[in-house]
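All figures in this text were calculated on a predicted structure; none of them were measured in a lab. Protein chains get the first letters and strands the later ones, always in sequence-line order, with residue 1 at the start of each. The basis for the numbers below is simple: all heavy atoms, side chains too, and nothing from hydrogens, waters or symmetry mates.
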Protein chains: 2
Amino acid sequence: MREILDIQKKLLPDLMDIMKKRYSILHHILVSGVVGRRTLASSLDMTERVLRGEVEFLKELGLLESDASGMKISETGRQLLEDMQPIVKIAFGLTDLEESIEKAFGLKQVIVVPGDTDTSVFTKKELGRAGAAALRKYVAKGDIIAVTGGSTMAQIANNLAISSSMKGNWFVPARGGLGESVDMQANTIASIMAKKTGGKYRLLHVPDHLGEEAYQTLIQDPQIKEVVDAVRSCRIVIHGIGDAMVMARRRKVDADTTRSLQADGALAEAFGYYFDRQGNVVHKMPTVGLRLEDLQRTEVVIGVAGGKSKGEAIASVLRHGQEHVLVTDEAAAIEIMKHV
Amino acid sequence: MREILDIQKKLLPDLMDIMKKRYSILHHILVSGVVGRRTLASSLDMTERVLRGEVEFLKELGLLESDASGMKISETGRQLLEDMQPIVKIAFGLTDLEESIEKAFGLKQVIVVPGDTDTSVFTKKELGRAGAAALRKYVAKGDIIAVTGGSTMAQIANNLAISSSMKGNWFVPARGGLGESVDMQANTIASIMAKKTGGKYRLLHVPDHLGEEAYQTLIQDPQIKEVVDAVRSCRIVIHGIGDAMVMARRRKVDADTTRSLQADGALAEAFGYYFDRQGNVVHKMPTVGLRLEDLQRTEVVIGVAGGKSKGEAIASVLRHGQEHVLVTDEAAAIEIMKHV
DNA sequence: AGACCCGGGACATAAAACGTCCATCACGGA
DNA sequence: TCCGTGATGGACGTTTTATGTCCCGGGTCT
């Protein structure tokens, strides 16, 4: 597989370039849904005319369709892109990155998509697609799946579709309400995922910043207790990873805590825990839900995050050593490898 | 290994041609030791100039060297050829088949898709795609296109899409109603193709098994006469090829005729005519529409059929000698070559 | 109704591919 | 030593293809 591409690179370097070009056109159209020639040209940094040439060609091949409203990918085209996935990875040199990270942190699988989530909205979408595919791969019938919030997780939810293997699964938020905008809260995302896959969901309506008393009262509540028990016995966790300070700001933690986070060198955040460079937990959010000790029993922990700026944070969480699968993008992967 | 090439072919249809061209240049140089441009050109059946273009390219890639005494292969080039050995076998299997059949039956173009229609539904779909592509390639504006029935033709219709070059063309059934299930009748297929491509269609509603009287009456009918005239002046015929006995059964021909078909060694069926092993017509369906003599004026005759079991039948029709283009699959192609 | 974006036709022009011819060089045999 | 042969590579006009540019008619959203 790899050899054949290496050979082709030697004998047909020009065709490999064309392949990349056509692939990226198709891929852009795929993630854009319906898109016009001019928009696409500028987003791919091509002149309109040469894009048009390629598009006409791809249309002849039946890989995309166009009507007055714009161009969209055809079913065969969509299938082709899927089949091409491994080829593209090798051709773009992503397989190397995946394997290096797997080895460096002892992970079961690493998936790297091309691009940089920080700079391209398309990469973010692709990250969502890849995250959804990873979840689909590891999920089994009757699983309880704990999810967190964040824009990346929202993107994954977007890309899930009904599938027999996920029908009847339970989606639960990993932890209580994490004061973000509603459509990126874990609760929202769990319910979207359940609806999209034909699964069921339970929510945790718990306010932020709990005091000790309120906390004790809450976990006595039978309704809440039931959900929390479900969360703690989940078989799969899929979560985003954030920069510690960014998350702290977003959650409006008080100034004291922020200072203490800084003093402790908090770098990354995931499912309510804050990690320093060495992967040690330096702080945790005061709310109910999944605890670190539950994670050890969890069979599959999937982390999804991308963007050059998050590379170091991802490396911190990986170093903590409870992840099994990582889905990230090229830019972040390169950063991660700088921190081994 | 094989899939990767198939995938690439979908995105870069001329990949194989170029790869083959460059490979054979290098290979020729390898076996020749040192050779000059003109010698090489004539032995590869290329014009000198185009060979020169490739040679200059290969030289830039460092795969061959040249000095005043001629060209010879470089060490990396030799290594590359060695590494390519397995690829070449797989990759050129089909191309070789295509060319052998073209030469054996004097066809303009042969397209072979991988697989066996008899055993794989994917191959059948692929055959449909390839058939549709072939039709798209040869069609011109304002053409009348005569089509036949059958599941393969239905598959082609499925794979047609609206295209400017086919807009406004006429689709007509090659011959009157061939008592098959409705969705595989020529009439149905002609109308689907017209709808899919944005063309127009005329149908021939003629019952099977016409008596001589009824026949005479029918062809007097101005409506029918108009369509029949259109059919007979078509520029393109695209048709399936069937096994004679299978078709006879499907059309419920009477026992007498069946016996006579068997006695005459009928092997294949196409557009209502039955052919024996040598390609002679041994029987024809009693219905209106395209006659063999009309076929001689037809500019493009495209036959589409696949499956190991049909190989012999396809060979019979090809031997009759009125086909220009054949679209088939690998299994059938191999069978065909056994009957040259 | 009007602004906007879409695909696709049209056409001039730039670029690449190709056919053709020739200058020059190395080599071997007379 | 000279000359014929076959080699590469330069040159150049021609043809074909790719590209830049402009515009039209038709949907769509506001």
Side-chain angles (χ1 to χ4, degrees), chain A residues 12-15 17-22 25-26 28-74 77, chain B residues 11-15 17-22 25-26 28-74 77 136-137 139-142 161-169 196-199:
Chain A
L12 314 157
D14 47 346
L15 291 192
D17 291 341
I18 298 178
M19 186 166 102
K20 272 190 190 174
K21 182 164 66 177
R22 304 223 170 119
I25 292 175
L26 275 181
H28 252 80
I29 296 179
L30 174 71
V31 298
S32 307
V34 179
V35 67
R37 215 196 307 137
R38 285 169 259 269
T39 318
L40 189 58
S42 76
S43 117
L44 281 167
D45 197 31
M46 291 180 167
T47 69
E48 184 193 330
R49 192 58 179 78
V50 40
L51 172 70
R52 184 174 167 179
E54 294 296 337
V55 160
E56 273 164 3
F57 188 80
L58 292 172
K59 207 166 4 174
E60 289 266 318
L61 298 179
L63 299 175
L64 58 86
E65 297 157 356
S66 70
D67 55 29
S69 69
M71 304 172 291
K72 69 168 187 294
I73 200 141
S74 76
Chain B
L11 203 58
L12 307 160
D14 42 5
L15 172 92
D17 294 335
I18 298 179
M19 191 158 108
K20 183 168 191 176
K21 184 164 63 175
R22 298 205 182 141
I25 293 174
L26 277 180
H28 250 81
I29 296 178
L30 175 70
V31 298
S32 310
V34 180
V35 67
R37 221 167 40 205
R38 281 170 264 274
T39 319
L40 190 56
S42 76
S43 113
L44 283 168
D45 197 29
M46 292 179 165
T47 69
E48 187 193 329
R49 193 59 179 79
V50 40
L51 172 70
R52 185 173 166 181
E54 292 297 338
V55 160
E56 274 164 3
F57 189 79
L58 291 171
K59 205 164 13 175
E60 281 192 16
L61 297 179
L63 299 175
L64 60 85
E65 297 154 357
S66 70
D67 55 28
S69 66
M71 304 172 292
K72 68 170 191 290
I73 199 146
S74 76
R136 194 158 43 227
K137 173 175 173 184
V139 81
K141 238 187 168 80
I162 194 139
S163 89
S164 54
S165 64
M166 287 208 234
K167 216 174 233 169
N169 289 8
K196 285 239 185 188
T197 59

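Distance E56(B) CD to dG19(C) C1': 14 Å, rounded to the nearest Å. At whole-Å resolution of the value, CD in E60(A) and P in dG8(C) are 11 Å apart. Rounded to a whole Å, the NZ atom of K72(B) is 15 Å from the P atom of dA26(C). One atom, CG of L64(B), and another, P of dT8(D), lie 10 Å apart when rounded to the nearest Å. For the pair L40(B) CG and dA7(D) P, the interatomic distance rounds to 10 Å; values are reported in whole Å.
Taking every heavy atom of both residues into account, I29(A) and I73(A) meet most closely at CG2-N, 3.7 Å. Between G33(A) and K72(A) the shortest heavy-atom distance is O-CB, 3.4 Å. Annotation for L12(B) and M19(A): closest pair CD1-CB, 3.8 Å, computed over non-hydrogen atoms. When all heavy atoms of S74(B) and G62(B) are compared, the closest pair comes out as OG-O, 2.8 Å.
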Donor-acceptor contacts, no H, no angles, side chain residues 39-47 of chain B, under 3.5 Å, sequence neighbours left out:
from	atom 1	to	atom 2	distance (Å)
S42(B)	OG	T39(B)	O	3.0
S43(B)	OG	H28(B)	NE2	3.0
T47(B)	OG1	V50(B)	N	3.4

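Between V139(B) and T197(B) the shortest side-chain heavy-atom distance does not fall below 4.5 Å.
V34(B) comes within 4.0 angstrom of no nucleic acid atom, judged by non-hydrogen atoms across all strands.
At dG9(D), one or more side-chain N or O atoms of S66(B) fall inside 4.0 Å of OP1 or OP2 (strictly under the cut-off). Within the structure, every side-chain polar atom (N or O) of K59(B) is placed at least 4.0 Å from both OP1 and OP2 of dT8(D). Between S69(A) and dC5(C) there is no side-chain polar atom (N or O) within less than 4.0 angstrom of OP1 or OP2.
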Enumerate all atom pairs, one protein N or O and one N or O from nucleotides 15-25 of chain D, separated by less than 3.5 Å.
from	atom 1	to	atom 2	distance (Å)
dG20(D)	OP2	T47(A)	OG1	2.4
dG20(D)	O6	R49(A)	NE	3.2

